[in-house]
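A short worksheet on the structure shown next.
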Amino acid sequence: MKRSIINFIKLIARYILIVMNDGFICMRVKKGTVLFESFNGKDVSDNPFAIYKQLINDHPSDRQRYYFSVKPSEYQKLSKQYPDIQFVKRFTPGWVKYIARAEYWVMNSRMPKWWRKNKQTVFIQTWHGTPLKKLGVDIDNVEIPGSSTAEYHQEFVTEAARWDYLIAPNQYSHDIFKSAFKYSGQFLDIGYPRNDVLYTGNTAENIAQIKQALFGFQPKQIIMYAPTWRDDSFSEQGKYKFEMPFDLKKFFENVDSNTLLVIRPHYLVKDRIDITGFEDRVKILADVDINQLYLITDLLITDYSSVMFDFANLERPMLFYPYDLAHYRDQLRGFYFKYDQANLPGPMAENQADFYQALNEFTQVGSFDNFSHNLQAFHQKFCSWENGQASEKVSHLILQGGKRHE
């Protein structure tokens, strides 16, 4: 049934493409209408949501012109969670009239290749992270079920050709995006809108409120483990797996007794993590706004995830645990910069013994003093464009009628 509905939408799409772009009729966009989408309609989050909230703040009377495109499976849950947002169900007949005539698309991932945008629509691509791992055409070998490397590369190039604007969080990302996406459009070199709150919301009062809302109490110390998504960690197409790379009992033996561990996994594996016996001290939070988690986190543990770049805005300690470094770097994705101890903003542990030792050091000192210079240099390279004003700049562009195609 789902497949037949999508095929029907594709037929409608092909017809509308002719109407919009090939000369039968000029289908005008509805001025001021903005369609947002986060992670292919999975939720309401990230850069698009930050821009949405800024637009509402800057021009509340236009609220009725803003829509979020979401998967039908998420529609009911998100409608209850965000009752003030207007939602449209992705890939349904009703979705077509909004996607076809929106003046702006604001999205952080790719649109289906079978849907071309109206020539008058302005596509603001926000993307969703500073890249450590290779992207787009820079990936030599794609390990995604159902997709070949050549197909994956071409899809990226074709998609990027329809972006009118692409947001870059730093010069490093700007250069990589230009190469990996073969992008020749206009960059918005402004930092990430989603990171604005790391500047505006980094107050003791706000942090306490977040802790109370999430846990019902005020944990003395919060450590977050946020590993990267591993493309080849699947048992079969569509079924993914996750194994904890450290022992929870030994973990808590090396941290303060009042420490709470937050695990931030990819949503596809959030139900495959075994925390039996530690339910009171471990919280799996895959669906909470990650910026809230950054703000309450005292120590971030990660491996190759782009969370390191966002968290660096707070200039707090980080511990790197790349237990499968050789495989990930050399066989799976490859890196853009030299991922080693000299370039990371915190200690790197490649085995459990070193990992527990680093945890113990943090517990005793409260920081990693030997890496203060690394953290400062890392912050300068990846966070110098961030100042809490990116959302405001995109909102201003939209409200002032940024680039339109006639």
Side-chain angles (χ1 to χ4, degrees), residues 1-14 16 33-53 55-56 63-102 104-118 121 123-129 144-147 152 155-156 158-159 162-163 193-194 229 231 234 236-240 242 264-272 284-291:
M1 178 64 72
K2 180 179 178 182
R3 175 58 55 188
S4 63
I5 292 175
I6 292 178
N7 287 336
F8 174 67
I9 297 300
K10 286 182 179 180
L11 289 174
I12 296 176
R14 291 190 184 101
I16 291 180
T33 302
V34 187
L35 190 77
F36 299 86
E37 189 174 278
S38 299
F39 299 109
N40 298 314
K42 183 185 73 69
D43 59 15
V44 173
S45 64
D46 203 69
N47 292 311
F49 190 33
I51 295 167
Y52 170 87
K53 289 187 288 187
L55 279 169
I56 296 296
R63 177 188 293 270
Q64 73 278 7
R65 298 181 181 182
Y66 307 145
Y67 303 87
F68 252 93
S69 167
V70 297
K71 292 182 176 180
S73 60
E74 306 300 322
Y75 179 85
Q76 186 173 6
K77 179 188 74 173
L78 293 173
S79 294
K80 291 180 179 178
Q81 187 175 354
Y82 302 101
D84 293 332
I85 293 180
Q86 298 182 102
F87 290 104
V88 293
K89 295 180 181 178
R90 199 172 191 246
F91 300 166
T92 63
W95 171 84
V96 171
K97 68 178 182 180
Y98 293 102
I99 196 74
R101 299 191 65 190
Y104 292 93
W105 293 353
V106 179
M107 303 179 181
N108 71 350
S109 54
R110 293 176 288 159
M111 274 287 289
K113 61 183 180 182
W114 48 264
W115 185 275
R116 287 166 52 200
K117 70 181 179 71
N118 189 322
T121 297
F123 193 164
I124 301 175
Q125 172 59 250
T126 74
W127 205 241
H128 49 262
I144 297 179
S147 178
Y152 185 81
E155 286 176 2
F156 258 105
T158 301
E159 169 66 8
R162 57 182 175 177
W163 301 342
R194 71 186 188 192
W229 169 247
D231 305 83
F234 58 89
E236 58 183 276
Q237 185 171 346
K239 293 186 178 181
Y240 295 88
F242 180 91
R264 174 67 177 206
H266 191 278
Y267 76 97
L268 287 173
V269 297
K270 65 181 180 180
D271 298 323
R272 292 175 168 80
I284 300 172
L285 301 178
D287 302 316
V288 174
D289 179 0
I290 197 167
N291 281 315

With sequence neighbours excluded, give me every side-chain hydrogen bond (donor to acceptor under 3.5 Å, both in side chains) pair touching residues 74-86.
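Pairs touching residues 74-86 that pass the test: Glu74-Lys77.
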If you look at every heavy atom in Arg264 and Leu285, which pair is closest and at what distance?
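Arg264 and Leu285 have their closest heavy atoms at CD-O, 3.0 Å.
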Inter-residue atom distance [X].[atom1] - [Y].[atom2], 0.5 Å rounding:
X      : Y      : atom1 : atom2 : value
Met107 : Asn40  : CE    : CG    : 9.5 Å
Gln64  : Thr33  : CD    : OG1   : 9.0 Å
Arg110 : Glu159 : CZ    : CD    : 7.0 Å

Where do Val88 and Ser69 land on the side-chain contact (heavy atoms from CB on, under 4.5 Å) test, with the steps shown first?
CA-CA 5 Å; Val88 293; Ser69 167; 4.1 Å; yes
Min side-chain heavy-atom separation [X]-[Y] under 4.5 Å:
X      : Y      : answer
Tyr52  : Leu55  : no
Ser45  : His128 : no
Thr126 : Pro193 : no

Phe49 six-ring face occupied by Arg194 cation (under 6.0 Å, within 45°):
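Output no; distance or angle outside limits.
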Under 30°, 30 to 60°, or over 60°: which ring-plane class applies to Trp105 and Phe123, parallel, tilted or perpendicular?
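Perpendicular, since the angle between the ring planes exceeds 60°.
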Give the ring-plane orientation class for Phe36 versus Tyr66, where under 30° counts as parallel, over 60° as perpendicular and anything between as tilted.
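It falls in the perpendicular class, over 60°.
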For Arg63, what residues pass the salt bridge (Lys or Arg N to Asp or Glu O under 4.0 Å) criterion, not counting sequence neighbours?
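By the salt bridge (Lys or Arg N to Asp or Glu O under 4.0 Å) rule, Arg63 matches no residue at all.
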Trp115 and Phe91: CA distance, side-chain angles, deciding distance, ring pair (Phe, Tyr, Trp, His ring centres under 6.0 Å) verdict:
CA-CA 10 Å; Trp115 185 275; Phe91 300 166; 9.0 Å; no
Residues in ring pair (Phe, Tyr, Trp, His ring centres under 6.0 Å) with Tyr67, at least two apart?
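Here the qualifying residues are Tyr98.
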Side-chain donor/acceptor of [X] to backbone N/O of [Y], under 3.5 Å:
X      : Y      : value
Glu37  : Phe68  : no
Arg162 : Met111 : yes
Asn47  : Trp127 : yes

Between the side chains of Ser38 and Asp46, does any donor sit under 3.5 Å from an acceptor?
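Note: Ser38 and Asp46 side chains miss the donor-acceptor criterion.
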Would you please test Asp43 and Asp287 for side-chain contact (heavy atoms from CB on, under 4.5 Å) and show each step?
CA-CA 9 Å; Asp43 59 15; Asp287 302 316; over 6 Å; no
